[in-house]
Amino acid sequence: MLKEENSNSEPYKPSDVEKKWQDIWKKEDIYKTSDSVESKKNWYALSMFPYPSGDLHIGHWFAFAPADAHARFKRLEGYNVMHPQGFDAFGLPAENAAIKRNINPKKWTFDNIQNMQKQFDMMGNSYDWSRKLVTCTPDYYKWNQKFFIEMYKNKLAYRKNGPVWWDPVDQTTLANEQVVDGKSERSGAEVIKKMMPQWYFKITDYAEELLNMDDLEWPEKIKQMQKNWIGKSEGGTIDFQIEGSSEKISTFTTRIDTLFGVTFLVLAPEHPAIKKLNLEKNDDVKNYILNSQKLSEIDRTSTVREKTGVKTDIYCINPINQEKIPVFIGDYVLASYGTGAVMGVPAHDQRDFIFAKKYNLQIRLVISPDGSHNIELNNAYTDNGTLVNSGDFDGMNNTEAKINIANLIENKNVGKKTITYHIRDWLISRQRYWGTPIPMFYDENDEIIPVDEEFLPVVLPDVKEFMPTGQSPLTLDENFLYFDHPKFGRLRRETDTMDTFMDSSWYHLRFTSPGELDSPFDRQKVNNWSPVDQYMGGAEHAVMHLLYARFFNKVLRDLGYLNFDEPYKRLFNQGVMLARHMKISKRNNPLNPEPLVKQYGADSVRAYLMFLGPWDRGGDWSDSGINGVYRWLHRIWDLANFKYKEKDLDKEESKNLIQISNITTKNVLHDMNNFKYNTTIASLMEYTNFLSKIRSNGRVSKSDWIDALKRLLIHLSPICPHISEELWEKLGHKNSVHLQQNPTYTENLIEKSSFTLIIQVNGKLRDQVEMQKNTNIEEIKSYLNQSEKLKKYISGKEIIKEIYIENKLINLVVR
RNA sequence: GCGGAUGUGGUGAAAUGGUAGACACGCAUGCCUUAGGAGCAUGUGCCGCAAGGCGUGGGGGUUCGACUCCCUUCAUCCGCACCA
């Protein structure tokens, strides 16, 4: 290498460079964001804030470094960018550390936060730490409590005794969203059903609005997952009179058109009619119900399990044709969905079909594919068709029949059109310590009294005993437990704490005015910054955090806090970075970036993570290629330190340089805007390679050379903030590279005067030649005629067709 | 079972229906050395000495031309899962 020309340049030592600039950025506070800047638009770039588990692992780097590059890029585009960071600091690990190692959860959490903040800075991220928030501070969770009370007063928070999911390992209840495949999303333990009084948020009130995601620029996958989770289905409820009783059984169906085909009813084992009508006096029924209670939820909801049931002593009357039909109890019917009872239409529902076969029940065809009345069915026929065996409706197509039969039963007052949703209300209470205390009192009659606003926050007391007992540890704290209320006297406090998803449902709002003491946020500022322009984080939050946050936004809007409908306008999901084919996590599979940072520097680690592949793909971690980006940064270092000397100025070379510069910028701007960091870096590498090639020739003017370096460094700066800043300074700039604007490109400087003509024979490449643009076809043909390469493919053959795409290719079709 | 995504060299990966494999890793050969991040040069999809042929999971199709569009099938991953 040309070291002699590269006089007095220091070798690239990432650790020195990175430390130097991290200190300067901190001192000069260059990432501090004003609420507004004259002539700049605001851009709110937000990463899902982390749980303070102690150390940032490679998975964190993969989530946060590219997100930071996005924020930095938006600054270069001229936006006033807010890129805040905080800590989702309530939650079980702190408590478990307390139990296992006898460490105070608060201390554990804050030590971790301190450590992680330091590590974030070592990553070189451009966070405005003046906006930092920590959800376990009373300043923050006071507002959880305030919102909770307002929701209670508006009937959006309520307490109800009912069946709940219980995690036997973490010893707490869970929300539906936190149960995956019958297991706790957090602990992995198989959950069980318990009856307990718990607090809920009425997310079901917003089910319909939450379905509307038309204006969200989110990955379709996430939208689909939310839609599936909300699970809207339109149909009708139909009341079946019980024979010899005044009671009715309501069933929900989406196939009201099959009403004439009902040959039995099935009730969930928990259906209230069972107790009411004392059906358990029949021993078979009694035993069946007992058995179904013994089954775990996983078994009970397994789709491969055989459908079982037991016949009861009662019959119902089908309101449309007055037929008498038997009533069964079957544990494949879920009490929690619809009405907890289904009408059995074996001819047109596969589950009912199997059930009917097993119990020898009548299978009556009412929707016919071809209008014929008697078809031997081997399976349920679930497609559309013509009604048969359906009285006055015979001959009608079933879509039409749906409407007509629904109208008929509404008119006869034996049922109505209904919409059912899969989503359940959000169970918010947890029987654990490290969370926001639910701000409610109970009087001696167990009547609920919300904590008065003047007594907020209800501060989480320091306790000594955290062992999970199934009851909140707060129950053990007498001082906490009782409160002498000036008006109501001695009251007992609610001791459950809130689900930590409460904290993350509105933290993005708090970032806009984190210092507010008298309100959760400054309304003008929050409306000014919101919604978040670009939200970035993992897809694992699709139906938890992301759904809750949308719900919460709508609640706060309806309570008058906000004037917009959605919290996160754009969402990008990074892929999952695996290590040894397993998800990286502090608990199970840590992967420490520190040795890499030490050896190669944070810039190389950042660039490597972004170069690996598309950000939304993820993949299995391997550091085998990190040397490549490291070498690249060295080449850039050498380039910028190179003492450039003009020698034989050459117009063509200048033109080339300008063209390549413009192409590079065009690619970079496009790819950065689409989170395609890998191809951005590839373009910058090509640019670097080109500059390396021409640097000794001295054929371009010094000012063109310097311009090219500046362009390179600005483009590099979002990805590798430290080395670009250092070299920017070495080029003699006093202002930070991170306060610059993106270079521009001009389309007509990109255009070449020549092009490579692709010559194909029968669609296969056989020759190519450099041509001036817009060369006329005669000239091209004369080339074709004398081309040696083509001869053997066309001589003696008939050219039956020529496809000519100007300035691109010619394809000769020969026979 | 349903829904979605993905499938390209030894590896990570690129490619508005128009040169498949950009950019890197790795490897090979050579040069140079102030042993550093070494650097530089050349080569590197597969088969073949070559000419040439074959190549984007498999099979069909549309097209002058398909990684790209359509059908079908397989594999992997991710969601959901008795939703009535």
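Reminder, nothing fancy here: chain letters follow the sequence lines and each chain counts from 1. Fair warning: this is a prediction, and the values are worked out from it, not measured in the lab. What's counted below: heavy atoms across the whole structure, side chains too, no hydrogens, waters or symmetry copies.
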I'd like to know whether the aromatic ring centres of A/Y608 and A/W632 sit less than 6.0 Å apart in this structure. no
Spacing of A/K232 atom NZ and A/I419 atom CD1 [to the nearest 0.5 Å]: 4.5 Å
Just how far, in rounded Å, is C1' of B/C40 from CZ of A/R695? 11 Å
When rounded to the nearest Å, what value does the distance between P atoms of B/C67 and B/G61 take? 15 Å
If you pin A/T756 and A/L812 to their nearest nucleotides in RNA chain B, which one's is more 5'? A/T756
Is there side-chain contact between A/L211 and A/Y421, with at least one heavy-atom pair below 4.5 Å? yes
With the side chain defined as heavy atoms from C-beta on, A/V813 is closest, among B/C64, B/A20, B/A15, to B/C64
Out of B/C64, B/C54, B/C23, whichever nucleotide has its closest atom nearest the side chain of A/K764: B/C54
Separation of B/G18 atom P from A/N811 atom CG, nearest Å, is 13 Å
Could you measure between the two P atoms, the one in B/G21 and the one in B/A15, and give it in whole Å? 13 Å
When every non-hydrogen atom of A/K583 is compared with those of A/V576, the smallest separation belongs to CG-CG1, 4.2 Å
Take atom P in B/G59 and the same atom in B/C54, then report the distance between them in whole Å. 14 Å
Rounding to 0.5 Å, atoms CZ (A/F240) and CG (A/L265) come to a distance of 5.0 Å
Sugar-phosphate only, base, or nothing, as touched by A/Q760 at under 4.0 Å among non-hydrogen atoms: base
For A/K808 and B/G17, is the shortest distance between a side-chain N/O and OP1 or OP2 below 4.0 Å? no
Gap in Å between the two P atoms, one belonging to B/A20 and one to B/U73, rounded: 31 Å
Is it true that a side-chain atom of A/D623 and a backbone atom of A/I626 form a donor plus acceptor pair closer than 3.5 Å? no
Of the candidates B/G37, B/U19, B/C23, the side chain of A/R631 sits closest to B/G37
What nucleic acid atoms does A/N678 come within less than 4.0 Å of, heavy atoms only: base, sugar-phosphate, or nothing? sugar-phosphate
Using a 4.5 Å cut-off on heavy atoms from C-beta on, say whether the side chain of A/V414 contacts that of A/I238. no
Would you measure the distance from the C1' atom in B/G45 across to the matching atom in B/A5 and give it in whole Å? 26 Å
With rounding to the closest Å, how many angstrom separate the P atoms on B/U8 and B/G3? 24 Å
Taking only the P atom of each, what is the distance from B/G60 to B/C80 in whole angstrom? 38 Å
Does A/K193 make a cation-pi contact with A/W165 (under 6.0 Å, within 45 degrees of the axis)? yes
Polar atom pairs between nucleotides 6-12 of chain B and protein, under 3.5 Å, N or O only, would you list them?
{"residue": "B/G12", "atom": "O2'", "partner": "A/L612", "partner atom": "O", "Å": "2.5"}

In terms of side-chain heavy atoms of A/Y793, which of B/G37, B/G53, B/G18 is nearest? B/G53
When the C1' atoms of B/G10 and B/U44 are compared, how many Å lie between them, rounded to an integer? 11 Å
Looking at A/F355 versus A/F264, is the centre-to-centre ring distance below 6.0 Å? yes
At less than 4.0 Å, is any side-chain N or O atom of A/R635 found next to OP1 or OP2 of B/G39? Yes or no. no
How would you label the contact of A/K223 with the nucleic acid (heavy atoms, under 4.0 Å): base, sugar-phosphate, or nothing? nothing
If you pin A/P614 and A/A682 to their nearest nucleotides in RNA chain B, which one's is more 5'? A/P614
Just by distance, do the side chain of A/T312 and the backbone of A/V327 share a donor-acceptor pair under 3.5 Å? yes
A correct 5'-to-3' footprint of nucleotides 77-84 of chain B, with B, S and - meaning base, sugar-phosphate only and no protein heavy atom under 4.0 Å, is -SS-BBBB
If we check side-chain contact (heavy atoms from CB on, under 4.5 Å) with A/I810, which of these qualifies: A/I777, A/I803, A/I805? A/I777
Please tabulate, one pair per line, each protein N/O and nucleotide N/O from nucleotides 60-63 of chain B that are separated by under 3.5 Å, including the distance.
none

B/C77 pairs with which nucleotide, Watson-Crick or G-U wobble, both distances below 3.5 Å? B/G4
Please name the pair of heavy atoms, one in A/I584 and one in A/G59, separated by the smallest distance, quoted to 0.1 Å. CD1-N, 3.9 Å
Ignoring hydrogens and angles, tell me if any N or O in the side chain of A/T665 forms a donor-acceptor pair with the backbone of A/N662 under 3.5 Å. no
